[in-house]
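Inspection log for the structure reproduced underneath, given as structure tokens.
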Amino acid sequence: MITLTLKERQLIDEAVLKFGDDRERRIWREWSLDHPDLRYDPTGPVDDGKGRVPSHVANVAMNALGRLERFLRTRIDSVEVSEDEAADLCNDVAEVRSTTEAIRTAA
């Protein structure tokens with residue numbers, strides 16, 4: 001099973017909380033409670049040897065991350081966002097994509 005970094009876990013938690021429905025929140029919460037381990041060192045092992053992330057859990061995470069990415073892109077395209085804010089949001093999009101790829105690989 002994948003061992004997520006603290007940042008990856010926080011991104012997924014945020015995405016599911018903000019953009020998921022009750023069923024998706026329940027699925028993610030239950031999986032998170034059953035898999036509390038986090039990787040604090042980005043170079044640490046990414047797999048705890050417990051198998052793959054179930055497809056329904058991976059789908060919840062990836063769908064919520066996709067919604068978060070769309071939200072961030074909308075903010076980037078907004079005329080109200082300064083160049084510095086847009087750059088920060090672009091970094092956030094890169095983190096979301098990286099986390100999505102980690103989940104996809106683990107499923």
Side-chain angles (χ1 to χ4, degrees):
M1 193 72 60
I2 188 172
T3 303
L4 298 168
T5 65
L6 179 60
K7 178 67 174 177
E8 290 168 336
R9 180 68 65 103
Q10 288 172 334
L11 273 174
I12 298 170
D13 287 347
E14 175 188 355
V16 172
L17 181 64
K18 284 185 176 180
F19 301 105
D21 60 26
D22 288 342
R23 183 188 67 79
E24 291 169 325
R25 286 187 204 98
R26 181 184 48 76
I27 289 169
W28 180 250
R29 183 180 60 248
E30 288 173 0
W31 185 86
S32 294
L33 289 172
D34 288 341
H35 301 89
D37 294 344
L38 294 173
R39 187 168 33 103
Y40 294 97
D41 178 2
T43 61
V46 296
D47 190 338
D48 64 7
K50 296 180 182 176
R52 304 193 72 69
V53 174
S55 61
H56 71 286
V57 174
N59 287 336
V60 165
M62 290 187 299
N63 290 337
L65 288 167
R67 292 178 204 127
L68 175 58
E69 181 178 347
R70 285 190 295 281
F71 171 78
L72 293 172
R73 290 194 168 284
T74 300
R75 293 272 327 273
I76 291 168
D77 294 337
S78 170
V79 295
E80 301 165 3
V81 174
S82 70
E83 286 184 33
D84 288 341
E85 289 173 308
D88 289 343
L89 291 168
C90 285
N91 289 337
D92 291 344
V93 168
E95 288 283 342
V96 168
R97 286 183 173 179
S98 174
T99 302
T100 301
E101 188 55 35
I103 292 291
R104 182 176 288 115
T105 301

Would you tabulate the side-chain donor-acceptor contacts of residues 15-24 under 3.5 Å, counting partners in other chains and residues two or more places apart, or write 'none'?
unit_1, atom_1, unit_2, atom_2, d
K18, NZ, E14, OE2, 3.4
D21, OD1, R23, N, 3.1
D21, OD1, E24, N, 2.8
D22, OD1, R25, NH1, 2.9
E24, OE1, D21, N, 2.9
E24, OE1, R67, NH1, 3.2
E24, OE2, R67, NH2, 3.2

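Counting only residues at least two apart or on different chains, the side-chain hydrogen bond (donor to acceptor under 3.5 Å, both in side chains) pairs with a member in residues 75-84 are S82-E85.
Once rounded to the nearest 0.5 Å, the distance linking OG1 of T3 with CD of E8 reads 10.0 Å. Note: N63 CG to T100 OG1 = 9.5 Å, rounded to the nearest 0.5 Å. If you take CZ on R39 and CG on L6, they are separated by 11.0 Å, rounding to the nearest 0.5 Å. Atom-to-atom distance recorded for D92:CG and L11:CG is 7.5 Å, nearest 0.5 angstrom.
Under the side chain to side chain donor-acceptor pair (under 3.5 Å) criterion, S32 pairs with W28, not counting sequence neighbours. E101 meets the salt bridge (charged side-chain N to carboxylate O under 4.0 Å, His left out) test with R104; sequence neighbours excluded. Applying the side chain to side chain contact (heavy atoms under 4.5 Å, CB included) test to E69 and every residue at least two apart in sequence or in another chain returns R73, V93, V96, R97. For the side chain to side chain contact (heavy atoms under 4.5 Å, CB included) test, no residue two or more places apart in sequence or in another chain qualifies with T74.
Side-chain contact check for I12 versus I103: some heavy-atom pair is nearer than 4.5 Å. Between V81 and I76, every side-chain heavy-atom pair lies at or beyond the 4.5 Å cut-off.
The backbone N or O of L4 sits nowhere less than 3.5 Å from a side-chain atom of R9 that would complete a donor-acceptor pair. R52 places a side-chain N or O within donor-acceptor distance of the main-chain N or O of A107, the cut-off being under 3.5 Å.
Taking both residues in full, the closest heavy atoms of A58 and V53 are given as N-CG1, 3.8 Å, listed atom of the first, atom of the second, then distance.
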